[in-house]
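Presented below is the structure to which this report refers.
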Amino acid sequence: MSKLGLDFKLVEEARQSARNIALDIQGLIDQHTSVTVERTVARLLGVDGVDPLDRPLPNVLVDKINSEGRLDLGIAYYLGNAMLHTGQEPQTIAEMVMKEELDLTRIPTHDFDEVKKKVLEVAQKTMVRIRKNRADREDFLRTLGEGPKPYLYVIVATGNIYEDVNQAKAAARQGADIIAVIRSTAQSLLDFVPYGPTTEGFGGTFATQENFRIMRSALDEVGQEVGRYIRLVNYASGLCMPEIAAMGALERLDVMLNDALYGILFRDINMKRTLVDQFFSRVINGYAGIIINTGEDNYLTTADAIEEAHTVLASQLINEQFALLAGLKEEQMGLGHAFEMNPKTENGFLLELAQAQMAREIFPNAPLKYMPPTKYMTGNIFKGHVQDALFNMVSIMTNQGIQLLGMLTEAIHTPFLQDRALAIENAKYIFNNMRDLGEEITFKENGIIQKRARQVLEDAHHMLKNIEVEGLMETIAQGKFAGVKRPVDGGKGLDGVVVKSDMYFNPFMDLMLGGASRE
Amino acid sequence: MSKLGLDFKLVEEARQSARNIALDIQGLIDQHTSVTVERTVARLLGVDGVDPLDRPLPNVLVDKINSEGRLDLGIAYYLGNAMLHTGQEPQTIAEMVMKEELDLTRIPTHDFDEVKKKVLEVAQKTMVRIRKNRADREDFLRTLGEGPKPYLYVIVATGNIYEDVNQAKAAARQGADIIAVIRSTAQSLLDFVPYGPTTEGFGGTFATQENFRIMRSALDEVGQEVGRYIRLVNYASGLCMPEIAAMGALERLDVMLNDALYGILFRDINMKRTLVDQFFSRVINGYAGIIINTGEDNYLTTADAIEEAHTVLASQLINEQFALLAGLKEEQMGLGHAFEMNPKTENGFLLELAQAQMAREIFPNAPLKYMPPTKYMTGNIFKGHVQDALFNMVSIMTNQGIQLLGMLTEAIHTPFLQDRALAIENAKYIFNNMRDLGEEITFKENGIIQKRARQVLEDAHHMLKNIEVEGLMETIAQGKFAGVKRPVDGGKGLDGVVVKSDMYFNPFMDLMLGGASRE
Amino acid sequence: MNNIDFTRIKPYGDTYNDGKIQLSFTLPVPYGEEAKEAGKKLLEKMGIEEPQITHAEEAGTGFTFIVAYGVVSHTVDYSAIEVPKVDSEVMDKYGVEDFIKEKIKRDVVIVGATTGFDAHTVGIDAIMNMKGYDGHYGLERYGGIEAVNMGSQVPNEELVARAIELGADAIIVSQVVTQKDVHIPNLTNLIELIEAEGLRDRMLVIAGGPRIGHELAVELGYDAGFGPGTYAEDVASYVVQEMVKRGLV
Amino acid sequence: MNNIDFTRIKPYGDTYNDGKIQLSFTLPVPYGEEAKEAGKKLLEKMGIEEPQITHAEEAGTGFTFIVAYGVVSHTVDYSAIEVPKVDSEVMDKYGVEDFIKEKIKRDVVIVGATTGFDAHTVGIDAIMNMKGYDGHYGLERYGGIEAVNMGSQVPNEELVARAIELGADAIIVSQVVTQKDVHIPNLTNLIELIEAEGLRDRMLVIAGGPRIGHELAVELGYDAGFGPGTYAEDVASYVVQEMVKRGLV
Ligand code: B12
Ligand code: B12
Ligand SMILES: Cc1ncc(COP(=O)(O)O)c(C=O)c1O
Ligand SMILES: Cc1ncc(COP(=O)(O)O)c(C=O)c1O
């Protein structure tokens, strides 16, 4: 039953509009591939490592073929053909290409069905590995268990993976359920994924497969110690969205930041590129049982939380539909929202409560990701700690899923060990002390809270209707999301988008799209 | 309408029991006077100052007569008689007694009606002054206005009245509505009131009439500056309860700590003494338009907040009846309660919400005084600041009247300037940001909150029924309040209790008992 | 009562010169009495008397989080402090517009950006965009000012090129990410580029951001720096007055 | 990675030896840039590098409240720290009771009180009353211990008289109010009285309270001191073992 008296017919209509919006774009997606999508395929077929100039081999392979304008068949085809030709594994083939011992477009072509069969053989091994990771996670959750919801989610961001490990373990011991390793500034703009363990980053640590592995094993270790499975998060968004998703699937990450629009709006990445990339990345996440986190919270760090609340809901609905198209289940949709109301607002807490409860009711099965106050945090850490307390309170009152803990030093520096400890203490205290408050209270008919939620729903409904008519890309170009205007052909990475040929082949798309659950 | 589904018939029964309990004691009260009651009369007739040994003249006068066993007539009679005899004012007479130039029991006796007339003449002047204070307060409230409820109440406790003034002004500028000057440790055990401005106290500043005056004028000044009337609080409780009440009435204090039982339980003052003293002190407060604050919060600093919650309600009901007998209006009853739940308690916030809401519903017109977490505060000031935030939330959710602000350093030291500033910031943020939350929510039928409130009410009802049978004094002797046992004839100050003669005369009792409003 | 000696001030808890101060920090040692003692020793080295560890707890194995109070023995000569400040009178929007009309008599061109890898736009937008910030309009809305906001992640080279193209009177640059002092080389590089182009005397160069102070900006060769809580009128007032002062009109 | 040099430890923010520390304090000067600068100067005097005033606000006219972060330059030799500790093994209630049965073979008499003007009873009650504290029974419930709790505001003279009357093996005293160090003369006076009575060698004298440490207690002539978080078994274990050690059985 709705505590807010929401009109669920309106919700259904809004959802239908979002579906149409997503379907409209899906047409475009289906016609394209991108350099990172192809590098992902290469990675999933086993290609890894870097050349003497530190260029990742997947880039070496894909760039070579793309420079000849022949990526429209997909890298899988070339690798398969080369496997048949050389009898070697993809990794060896990639190394041969790097050493210029082999030119993938210039070797004899084998029967296409034979090629496919060969590729699928190798792909199956990867599928097994990913399924095993998924099964391992489920095992851990069954045997070790997990913390109660909302999960306590904290970030580490030292720039040094080993220092991150210290901080992450300390946090787990204090009670954290989820650890996110924040990426180094601007990694999302790199059109390749760095390689190996790294110890120098700015405002975060590079997302590399080796760093994933190091952190994963540290968290498994501390998870045993504390008797809870500790989830690991990283960021897929950016110019390498599907590649990072693949790395996450291979290294048993549990959560991936992954939004259909974030890169466009906040990183000025080209629309087509982002839309194409997000699809494959989500297919992978879906199969690997990874929870995605979308980035609607970011809207409110730029735009006003009261005026622009409906854009958050509209975007959540669009993200949901894109996710469904990519085979993600509702239980994997960590849709984002954020406590970014100006603390001076009279009854601001009520408006926030309305928004959070609304998200809960409209997405009942999604492990919503709730982001802390950041914009209105100041150098007054004492006040900040209370802002974070109110944030925790809204969360427990509205039954949120994933609580990204606020830090009292948000406006000052990336978290110190003690900031994190205090954040965990704050959340644990409130979640326990108010455990069943949400269950216990109802909201006044037509009161401030109910009216606010209805208004936001109506505005989102209206916005989606408009987008349905105008098209998503056009809407973004007009600056209707987060006040940011992005032209259709502007932004980074458009040159990495390639129109597929009729014979285009990506083995993982079909293998994964069914989702692990359907096997 | 009750949010808690309280059984108001049960409330009425409990109240009736409390009435009977109070009436039972009132018999005893009416038969007695005490040294401090008589000193109060002397003060109200104009006696002030100290002798060369710093003994206050009211003590000099009263002790003299009491030592001769003749206080049963009341000091007013002796002063009136001496006025007729000497043609002097009470102050001059007191100075003559001090210098042993006059022996009040050895001068000729005048006609009793003449004496009364003379005394009433002088008494009327005092009545005018007190009424003027009351009118001034009302004027200020009309012209300057006041802060919204809950009023922000902070303490100053430097030990030095001038340093207190700095702190009080700073607090008012930051937003405090009420300033309490905490008394020096153990002043409540002094059977006299110190004199003059004082600059050395431990854990607080001595309550003296001059200190009252200094702080009053400082607060009037800062009140003009900030455009709000700033209320001033001091403590009546102790061995000089009515004297301090009188000083407060004369110097326009606005709130007085004044509990019918506190002195017995927490200061080991004799029962009879406290009961007699509280009556006259309340008569004065009632007339002067002063809000009293009772001390039920103290129960929970010693006993457990979950187990002993009903004793708080029982005591509030008893305090209410004693207050009504003394002519206090409901609007003057700042009944106490406190947020002293162990923060580790699962759903502790819900239990606290139940208690606070219950107090609100049972005493709808009383400006309830809500006390902050103290017992479970620790040296971790960050956690403490969040505990205080939760306390503020309960208050705004249940519409409390007077919020004694919690300090993040409660477990460490008496408040620093910055502690107070942070406390005010905390409360202002929450009160504004959640302003109408109480209005907006209702509690689940038969949920944790409703059940808890009902249970506490039933237990209090049961307790009061028992006390009605056994008698209040016996109940206290058995340790049923705050787990403290006090024998009927134990404790300090019993020797200051005197059985009145038939001719006993206290002009102020009659003059004031009607209350200012009835004139 | 309050005859404060401003040549020797100390922190104030509840009494003048009580020197009371609060600290918190984490030591990389296991929790225990020894950790607390180490905390005290550290406080003593800092010149803190009567160090009191009011709270200590294990913060992940091998770390102890400490909250402490104490009494600072040092004093500061407040009377001798002089802080370099932006030396112009703040006018409101209308004041600035009138000033331009009267004393400059042409459009003032201001180019702004967040440079380097820094992607934070809210600060520069607060100063430049129409809408402004906290009820204060941004430069774009000022009559007599041509304001060009290039957004974020702008390479210094592009910013300078644009300023040349537009004949800018002022370049204003925002830096929000300051971790590991990444903003210092970036800000220095910008000044060097401007100097290399021989433009340094022909325009004002101004920096801003939550950790940028006037003092730091001047040190790095900028004309002025603006920190948290700045509004468009603060910068605008400075720019127009300084242009007149320097004869750049 | 973590080869910490325990002879030179520093606070830890997010990297070993980064020295990061948080402070807050109030200066008795008006709010403004000068106040912040004064705050920085103070931090520098304390040996804090890169002082950052992250927040400053007027806290009542003439006062500025400051929140700051910085980098401590000092180091502490953790490896050399030795803290005097109560030197006995903590047994549980049953352990203590068995110990008494086996090694003392008579009732141990313990008299306790909060002395002087101090009216706080919760601490001493936590140790002595039946009910105890936090799920740990108090001394009154121990078989083999006769515990007499005299309550609060007890004059030292009365406490000593009672101890003599009962032939106490230990006096335990609680002090909670420590403002302006009022507890020091009171605790000193108690020891002097006991010495004057010639009893000092015949009984254990123990102090406790939220700001009482073992070190302070020993300094004041007590046998031991117990701080926050003490349970009855901590004191009981110490008393019975120490009695045996000293041959007071
Ligand atoms: C919003 C925000 C974001 C948004 C930015 C959206 C956008 N379009 O700007 C998003 C989510 C994208 C983001 C990303 C990141 N952020 Co960020 N972010 C913030 C946040 C919450 C608020 C900043 C803000 O908008 N403040 C409001 C504006 C109005 O204030 P302001 O910038 O100070 O501007 C005022 C004045 O300084 C001045 N001013 C500013 N610039 C100028 C220029 C001139 C010329 C003048 C005159 C005045 C002036 O006037 C303004 C108005 O008064 C802060 C935390 C905080 N509460 O401060 C972190 C914060 C700034 N971010 C931080 C970090 C580390 C990042 C990331 C690097 C994290 C990562 N590893 O991914 C990324 C990457 C960004 C990058 N490459 O630069 C850190 C910086 C730490 C440090 N000291 O270096 C902070 C402090 C958070 C933290 N504690 O970790 N962030
Ligand atoms: C409850 C309380 C009261 C109650 C006391 C009720 C009672 N029957 O005890 C009331 C309301 C009456 C009260 C009054 C006052 N209080 Co008071 N009170 C507190 C409070 C909130 C909790 C203390 C407590 O009970 N703690 C719980 C117990 C279990 O902890 P504990 O005492 O530390 O005891 C443990 C250990 O220390 C140890 N221990 C303690 N004693 C002993 C003895 C032995 C032998 C051993 C082995 C161990 C041991 O074992 C215990 C269990 O682990 C504190 C603030 C706080 N949160 O600490 C202020 C506090 C102690 N009070 C304070 C003050 C100033 C006062 C007053 C003087 C205020 C005034 N001016 O009126 C008055 C007067 C009291 C007086 N004359 O002494 C200050 C003291 C400041 C200072 N450092 O000096 C505090 C810190 C509050 C503050 N921030 O201002 N108070
Ligand atoms: C969905 C999403 N992806 C990515 C990021 C951050 O990634 P980056 O700064 O590396 O672009 C965020 C940031 O909050 C986000 O919400
Ligand atoms: C009703 C009442 N009177 C007085 C006091 C304190 O007075 P004292 O410590 O001076 O006895 C309190 C303390 O909280 C109180 O509640």
Side-chain angles (χ1 to χ4, degrees), chain A residues 3 148 341-354 376 378 380-390 392-394 396-397 408-409 418-419 421-452, chain B residues 3 148 341-354 376 378 380-390 392-394 396-397 408-409 418-419 421-452:
Chain A
K3 276 191 175 183
M341 202 80 64
N342 187 333
K344 285 190 202 142
T345 312
E346 192 178 31
N347 282 324
F349 187 85
L350 280 65
L351 306 186
E352 188 63 39
L353 210 51
Y376 290 103
T378 66
N380 181 351
I381 55 174
F382 298 99
K383 169 135 194 217
H385 208 45
V386 176
Q387 291 170 251
D388 288 337
L390 264 61
N392 290 330
M393 190 170 169
V394 171
I396 193 74
M397 286 171 82
L408 73 178
T409 52
Q418 70 191 51
D419 302 339
L422 289 171
I424 292 172
E425 176 182 75
N426 185 330
K428 276 168 76 173
Y429 166 35
I430 288 176
F431 290 171
N432 179 58
N433 202 238
M434 301 192 175
R435 177 69 60 206
D436 296 308
L437 186 57
E439 271 293 290
E440 282 275 321
I441 57 173
T442 46
F443 303 134
K444 182 168 153 187
E445 282 300 318
N446 277 315
I448 301 174
I449 296 171
Q450 288 205 349
K451 277 199 194 136
R452 168 68 181 171
Chain B
K3 276 191 173 181
M341 202 80 64
N342 188 333
K344 284 190 203 144
T345 311
E346 192 177 31
N347 282 324
F349 187 85
L350 281 64
L351 305 186
E352 188 63 39
L353 210 50
Y376 290 103
T378 67
N380 181 351
I381 55 173
F382 299 99
K383 169 136 194 216
H385 207 44
V386 176
Q387 291 171 252
D388 287 337
L390 265 61
N392 290 330
M393 288 174 198
V394 172
I396 193 75
M397 287 170 82
L408 73 178
T409 53
Q418 70 191 51
D419 302 338
L422 290 170
I424 292 172
E425 175 182 76
N426 186 329
K428 276 169 75 173
Y429 167 36
I430 288 174
F431 289 172
N432 179 58
N433 203 237
M434 300 191 175
R435 177 70 59 207
D436 296 307
L437 186 57
E439 271 294 291
E440 283 275 320
I441 56 173
T442 45
F443 303 134
K444 182 168 154 187
E445 283 300 318
N446 277 315
I448 301 175
I449 296 171
Q450 288 204 351
K451 278 200 194 134
R452 168 68 181 170

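By convention in this document, chain letters (A, B, ...) are assigned in the order of the sequence lines, proteins followed by strands, and residues within each chain are numbered from 1. Please read these numbers as outputs of a predicted model, since none were measured by experiment.
- Per-residue counts of heavy-atom pairs under 4.5 Å with chain A were compared for Gln387(B), Lys344(B), Glu352(B); the largest is that of Gln387(B).
- Only the side chain of Ile381(B) comes within contact range of chain A, judged by heavy atoms closer than 4.5 Å.
- Sequence neighbours left out, the pairs with a member in residues 424-435 of chain B that pass salt bridge (Lys or Arg N to Asp or Glu O under 4.0 Å) are Glu346(A)-Arg435(B).
- Heavy atoms closer than 4.5 Å to chain A are found in the side chain of Leu422(B), but not in its backbone.
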As a quick check of understanding, evaluate side-chain contact (heavy atoms from CB on, under 4.5 Å) for Phe349(B) and Met393(A), giving each step before the final call.
CA-CA 11 Å; Phe349(B) 187 85; Met393(A) 190 170 169; 4.1 Å; yes
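- Ranked by non-hydrogen atom pairs under 4.5 Å with chain B, the options Asn380(A), Asn342(A), Leu351(A) are led by Asn380(A).
- Note that CZ of Phe443(B) is 4.0 Å distant from CG of Leu353(B), once rounded to the nearest 0.5 Å.
- Ranked by heavy-atom pairs under 4.5 Å with chain A, the list Gln450(B), Lys383(B), Lys3(B) is led by Lys383(B).
- Note: Ile424(A) CD1 to Asp419(A) CG = 11.0 Å, rounded to the nearest 0.5 Å.
- Proximity to chain B (any heavy atom under 4.5 Å) is shown, for Ile449(A), by both the backbone and the side chain.
- Sorted by first and then second residue, the salt bridge (Lys or Arg N to Asp or Glu O under 4.0 Å) pairs with a member in residues 440-452 of chain A read Lys444(A)-Glu439(B); sequence neighbours excluded.
- Counting heavy-atom pairs closer than 4.5 Å to chain A, the top residue among Ile441(B), Ile430(B), Asn347(B), Thr345(B) is Asn347(B).
- Note on ring orientation: taking the six-membered ring where Trp is involved, the planes of His385(B) and Phe382(A) are perpendicular (angle over 60°, cut-offs 30° and 60°).
- When heavy atoms are compared at a cutoff of 4.5 Å, Asn426(B) approaches chain A solely by way of its side chain, counted from C-beta outward.
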